[in-house]
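To start, the structure under review is shown below, and the notes come after it.
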Amino acid sequence: MITNNSLFGAVVGTPISQSLSPTIYRAAFASQSFTGEYEAIEADESSIKDVLDQLRSRGVQGLSVTMPLKEAIIPYLDVIDDDARLLNAVNCVDFTNGVATGHNTDGDGCCDALEQQGGALLGGTHAVVLGAGGTARSVALALGRRGARVAIINRTVEKAEELVRTLAPAAQEAGGDIVMGTVEEIGRAGVLVNTTSVGMNSDELPLPANILRRNIVVLDAVYSPMETALLKAARQAGDKTVDGLWMLIQQARRQCMHQFGWIPDAEPMREAAERELAARHK
Ligand code: ATR
């Protein structure tokens, strides 16, 4: 039951039934002994305005935004923070003082997972990001803002060039950089992040396994399977690996900070997500 003192959050997108956000958030609430509810609500581009109005009238405090609404929700928000504006993508909304403010926590969630679960030192490191879609954009910006030199490799070169052109100046301001990359650069990299969907529910690799060498921190944003073919090859090459579930949890912790004002512990969220995934695969 939702009371005046309890928390109320939701995730919107479509299809939404497989979202792990309710599981992760409920575990976060429970671990802090908060009461409240976190709903998964089916919404697309044509219904998001009405869904948002309804949620606001019900007193929603936090909203997570997933596919295909990260851009489509922007016109209906009151304020967009600088990075979400630069990325043209919002994955998190808070309603502090009745003002709907959009953020993007995907990239910082990735960086937190690289640092906390992978032990990576990001300032000054060479990072290679595979992909140039929405996830790649937020990851590259966050890495660049933490002082990394980020090389982008993507199947469609024009998309990588566009990413570099739009995001490199912000990275440079922070002492990092974002540039076009080549596969050979993985030999010099301290960090490798796969943001492509290659390896999702398949044993495909997004790059030849023999390119991997020891002592890279490798994160795969894909978490189905939890150990993708890339992470398996990286582990066998002697690398530190971080799965995509950690990125999902770390970006949710940052969302919680924006939405409710506190950062939940990662472990109960992780345990709940693993239990839920195991139950789904039974
Ligand atoms: P997301 O929001 O998860 O980043 P996206 O914006 O659709 O999703 O981006 C998907 C990324 O995966 C893109 O970089 C895409 O490459 P293209 O820009 O060339 O389309 C990449 N991708 C998807 N399937 C791929 C494949 N089979 N091989 C290589 N790259 C692939």
Side-chain angles (χ1 to χ4, degrees), residues 11-16 18-21 43-45 48 64-74 83-92 102-111 113-114 127-144 150-168 178-183 185-186 191-209 211-212 218-226 228-231 233 242-252 254-255:
V11 58
V12 289
T14 188
I16 207 65
Q18 294 299 301
S19 171
L20 281 175
S21 293
D44 63 14
E45 292 92 333
I48 184 57
S64 304
V65 183
T66 187
M67 299 303 290
L69 298 175
K70 290 184 180 184
E71 184 180 344
I73 198 168
I74 289 176
D83 279 2
R85 175 76 63 197
L86 199 51
L87 296 165
N88 198 32
V90 161
N91 76 335
C92 163
H103 312 272
N104 191 310
T105 66
D106 284 330
D108 273 322
C110 177
C111 289
L114 285 166
V128 173
V129 172
L130 307 178
T135 307
R137 287 174 60 79
S138 55
V139 167
L141 179 62
L143 281 166
V150 187
I152 307 294
I153 300 173
N154 192 47
R155 178 177 63 180
T156 308
V157 173
E158 296 75 22
K159 262 171 79 178
E161 287 171 345
E162 166 72 6
L163 185 161
V164 169
R165 195 177 59 73
T166 52
L167 302 182
I178 305 175
V179 299
M180 295 294 290
T182 60
V183 170
E185 289 187 48
I186 292 167
V191 163
L192 171 66
V193 179
N194 175 46
T195 74
T196 76
S197 47
V198 179
M200 190 183 294
N201 301 320
S202 83
D203 54 8
E204 272 180 277
L205 282 158
L207 45 74
I211 281 169
L212 293 166
V218 181
L219 183 148
D220 199 335
V222 172
Y223 62 83
S224 179
M226 201 86 84
T228 58
L230 172 65
L231 291 189
V242 183
D243 62 51
L245 191 57
W246 278 121
M247 176 171 159
L248 185 76
I249 285 164
Q250 292 290 8
Q251 65 78 31
R254 286 198 170 248
Q255 290 206 26

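All values below come from the heavy atoms of this structure, side chains included, with hydrogens, waters and symmetry mates left out. Atoms within a ligand are numbered from 1 in the order they appear, just like the ligands themselves.
Taking the charged nitrogens against the carboxylate oxygens, Arg165 and Glu162 do have a contact shorter than 4.0 Å, which makes a salt bridge.
Without hydrogens or angle criteria, Asn104 side chain to Ala89 main chain gives a donor-acceptor distance under 3.5 Å.
Asp106 meets the salt bridge (charged side-chain N to carboxylate O under 4.0 Å, His left out) test with Lys70; sequence neighbours excluded.
In summary, the side chains of Thr14 and Asp44 do not present any donor paired with an acceptor at a separation below 3.5 Å, with no hydrogens or angles considered. Donor-acceptor pairing under 3.5 Å is recorded for the side chains of Arg137 and Thr166. Between Asn91 and Gln251, the side chains place a donor N or O and an acceptor N or O closer than 3.5 Å (distance only, hydrogens not considered).
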Would you mind writing out a table of all protein N or O atoms found under 3.5 Å from any N or O atom of ligand 1, naming both atoms and giving the distance to 0.1 Å?
| unit_1 | atom_1 | unit_2 | atom_2 | d |
| --- | --- | --- | --- | --- |
| ligand 1 | 3 (O) | Thr135 | OG1 | 3.2 |
| ligand 1 | 4 (O) | Gly134 | N | 3.2 |
| ligand 1 | 4 (O) | Thr135 | N | 2.9 |
| ligand 1 | 4 (O) | Thr135 | OG1 | 3.1 |
| ligand 1 | 6 (O) | Gly134 | N | 3.0 |
| ligand 1 | 14 (O) | Ala132 | N | 2.9 |
| ligand 1 | 14 (O) | Asn154 | OD1 | 2.7 |
| ligand 1 | 16 (O) | Asn154 | OD1 | 3.2 |
| ligand 1 | 18 (O) | Asn154 | ND2 | 2.8 |
| ligand 1 | 18 (O) | Lys159 | NZ | 3.0 |
| ligand 1 | 19 (O) | Arg155 | NE | 3.0 |
| ligand 1 | 19 (O) | Thr156 | N | 3.0 |
| ligand 1 | 19 (O) | Thr156 | OG1 | 2.5 |
| ligand 1 | 20 (O) | Arg155 | NH2 | 2.9 |
| ligand 1 | 27 (N) | Arg155 | NH1 | 3.4 |

